[in-house]
Amino acid sequence: MNKSLPSIIIDLFILFLFGFVISVLTFGDSLMPNIMLSDSFLHMNTIFLSILIEALPFVLIGVLIAGFIQIFITEDQLKRWIPKNKYLAVLMSCVVGGLFPACECGIVPIVRRLIAKGVPIYAGVGFLLTGPLINPIVIFSTYMAFGNDLQIALSRMFLGFLIALVIALLVSFLFRSNQLKHSIMNENQCSLHAPHTYKQSFLDKLGKTTLHAVDEFFDMGKYLIIGALLASFVQVYVSTEFLVSVGNGHAAALAIMMGLAYLLSLCSEADAFIGASFSNIFPQTAILGFLIYGPMIDLKNTLMMLSVFKIRFVVVFVVLVSVTTFILLSLLQGL
Amino acid sequence: MQLNWQQLLRAVILLFFTLYIFKLHFSGEILKLINPKYETLSQIGASLFLFLFLVQMQRVFSPVKPRKEMADDAHQHDHGDQPMTMKKIVSYIIIMFPLTTGMFLPLSSLDASIAKNKGASLSLTNYGSSREKNQSLQEIQEKQDISEDIEENDQPPGVEEKGAVDDNPIDPNVFRNKISKPEYDQLKEQLKNTSHLMLEEELFATIYQEIMDKVSLYEGKEITLSGFVYKEDDFSDHQLVLGRFLITHCVADAGMIGFLTEFDNADSFSEDRWLKITGTIAVTEYQGVEIPSIQVSEFEAIEEPDQPYVYPLQIEIISPNG
């Protein structure tokens with residue numbers, strides 16, 4: 001694009017920007033306003049930033065993988081890999097998600113890219129659900145958090161897989177089109193991505209992968225930020241004890257733990273300890289509800305999905321995941 | 001050839017993220033946000049931001065597309081080339097929001113009010129009824145997962161034999177927050193034979209868990225620990241909880257772990273005060289459940305330590321030597 005420009009200008013400009021940003025960051029400290037903000041607000045800001053700082057590396061890796069898929073994998077290739085049969089496709093997407101060690105922040109941009117490339121919505125959903133829920137790190141940390149008790153870890157894995165399968169199947173019956181926002185559907189026709197037809201050098205492709213990642217970050221980042229802000233608000237201003245006191249009985253306990261999982265928006269790799277701390281208050285199915293529902297969908301994740309899918313789909317999806325998880329776990333309780 | 005302002009804005013935002021994260025690392029403030037175990041990962045994140053920034057710089061000087069071509073382009077997908085709209089201004093403000101609060105607001109340490117909100121009293125009685133259950137907090141991570149170098153070797157050992165019976169010296173590697181499974185089992189054995197438990201930062205969570213699990217083994221032993229004061233409404237005047245926040249990933253998943261302590265002056269310490277106490281482990285009934293408690297013999301008020309949080313011990317399944 002800009003081969004003609006002497007690269008020295010860009011280099012100088014980069015240096016200048018470094019100086020600018022560093023001086024702003026240094027000055028920022030001294031400009032720290034002396035307004036008295038309440039402690040709870042500062043806590044909320046701290047928790048908000050901690051969620052972001054923790055999530056950003058995963059999101060960046062996610063957008064880079066998404067950029068990679070966009071540039072290097074063609075629609076034809078994807079079509080060949082995914083089974084024509086709907087049921088087989090759902091099963092395969094859930095298995096692939098289970099093998100893929102993603103977390104819930106990183107997986108949204110990847111799924112978005114896959115669906116934009118023509119992967120059917122139900123297969124994308126299967127991948128989205130099992131990706132963060134079933135992977136070695138999550139299962140291992142669950143195993144440890146529950147006192148080397150394999151039962152909970154295995155239940156989390158198998159029940160989670162089963163529930164994800166059911167949800168993906170339901171999605172396949174309910175939705176035909178890809179449910180992406182219009183702006184994303186049109187992406188494939190635009191100049192930056194279209195020309196797979198003629199040969200590009202590997203470096204060229206790599207550069208485009210990265211530029212894609214930048215665009216993706218700016219598209220997705222704002223939703224991640226709002227999600228993190230809401231989750232930190234809940235953590236500081238909504239009392240867990242209050243939630244817990246709301247209900248007794250199995251159904252209420254399950255609903256409360258699922259609600260908690262949704263609002264807290266914890267990383268699937270870090271939620272096991274929190275879940276375990278409730279294990280003497282609530283029955284096991286309620287704990288499983290927390291462990292299975294949280295990785296599939298939570299507040300932060302819902303916001304990120306809004307950057308990808310139509311609002312109507314996101315609403316239906318959240319309801320679908322909630323109801324399915326609730327009913328299946330309640331049935332299990334009855335057994 | 002033209003300077004593209006919007007691409008420049010994007011580049012500057014990416015650079016701000018890069019340098020903000022690096023600044024957190026340099027100033028050590030990152031410890032107020034995440035478990036040091038994830039420091040390396042966070043630095044990789046910052047490096048990725050830097051990389052994206054450098055690539056983005058290629059677009060800053062690219063010529064703006066002629067307007068006519070854009071009108072033909074039916075799609076609205078954003079590469080940052082289209083003119084600024086209200087909607088996009090809002091997006092950029094949202095993206096810059098965490099940078100602004102991060103720069104201008106001080107990071108706080110979690111306190112008793114957060115513990116209360118997170119249901120600290122629930123975790124107090126949590127172990128009561130099933131304390132023989134072999135639970136443990138340790139998050140095992142396979143070795144290849146994330147390699148990290150935590151610099152905390154130079155701290156004093158966490159377990160001390162009173163009277164220094166030195167026939168069982170503890171491997172210094174134990175105190176890297178990362179130990180192998182045999183070392184871990186050995187450590188647990190040593191705990192049982194120790195008459196005075198010292199809860200230093202590295203082993204706080206491990207020893208806490210041990211005592212909660214098998215209080216009968218530890219009843220009557222001496223224990224020394226420091227933490228912040230936390231109180232429930234139904235505590236008597238001589239009761240308070242001395243606890244620490246346990247951070248698995250980041251402070252969003254913090255949970256308070258602590259012991260119920262009993263001594264005459266407890267009512268003179270308000271919440272969030274830091275204390276160092278020594279006492280004897282006993283069993284007390286609280287809300288109808290028997291829970292471990294500490295009968296305090298010595299106490300002193302201390303300053304909040306630089307690193308107020310504790311982290312789960314990491315056990316390596318695969319030994320470092322393969």
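All figures in this text were calculated on a predicted structure; none of them were measured in a lab. Here is the naming used below: chain letters follow the sequence lines, and residue numbers restart at 1 for every chain.
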Contact winner vs chain A - B/Phe53, B/Phe49, B/Tyr20, B/Phe97, heavy-atom pairs under 4.5 Å: B/Phe49
B/Arg244 side chain to B/Gly258 backbone, donor-acceptor under 3.5 Å: no
side-chain hydrogen bond (donor to acceptor under 3.5 Å, both in side chains) between B/Tyr92 and B/Arg10, intermediate numbers included: CA-CA 9 Å; B/Tyr92 284 121; B/Arg10 287 183 170 211; 2.8 Å; yes
Residue, of A/Val59, A/Ile47, A/Val21, that accumulates the most heavy atom pairs under 4.5 Å with chain B: A/Val21
Expected output: side-chain B/Asp272 to main-chain B/Ala112 donor-acceptor under 3.5 Å: yes
Heavy-atom pair count under 4.5 Å with chain B, highest-scoring of A/Ile226, A/Ile51, A/Val63, A/Ile14: A/Ile14
A/Ile22 versus chain B, the contacting section by heavy-atom distance below 4.5 Å: both
Any donor-acceptor pair under 3.5 Å from B/Asn35 side chain to B/Tyr38 backbone: no
Proximal component of A/Phe218, with respect to chain B [non-hydrogen, under 4.5 Å]: both
Region of A/Leu56 in contact with chain B, defined by heavy-atom distances below 4.5 Å: side chain
Segment of B/Leu110 engaging chain A (4.5 angstrom heavy-atom cut-off): both
Region of B/Leu24 that comes under 4.5 Å of a non-hydrogen atom in chain A: side chain
Pick from B/Ile95, B/Leu107, B/Leu54, B/Thr18 with the largest number of heavy-atom pairs that fall under 4.5 Å of chain A: B/Ile95
Segment of B/Ser113 engaging chain A (4.5 angstrom heavy-atom cut-off): side chain
N/O donor-acceptor pair under 3.5 Å between A/Thr210 side chain and A/Leu206 backbone: yes
Contact class of B/Leu50 relative to chain A, heavy atoms under 4.5 angstrom: side chain
pair B/Leu8-B/Val60: side-chain heavy atoms closer than 4.5 Å: yes
B/Ile89 side chain near B/Ile93 side chain, heavy-atom distance below 4.5 Å: yes
Max heavy-atom pair count under 4.5 Å with chain A, selected residue of B/Phe22, B/Phe51, B/Phe17, B/Phe16: B/Phe16
Neighbour count above 12 (heavy atom, 6.0 Å) for A/Phe41 CZ: no
Engaged part of A/Leu42 at the chain B interface, taking heavy atoms whose separation is under 4.5 Å: both
Any side-chain heavy-atom pair of A/Glu216 and A/Leu64 under 4.5 Å: no
Structural part of B/Ile13 lying under 4.5 Å from a heavy atom of chain A: side chain
Contact winner vs chain A - B/Ile34, B/Thr101, B/Leu48, heavy-atom pairs under 4.5 Å: B/Thr101
Beyond-backbone contact of B/Leu31 with B/Glu39, side-chain heavy atoms, under 4.5 angstrom: yes
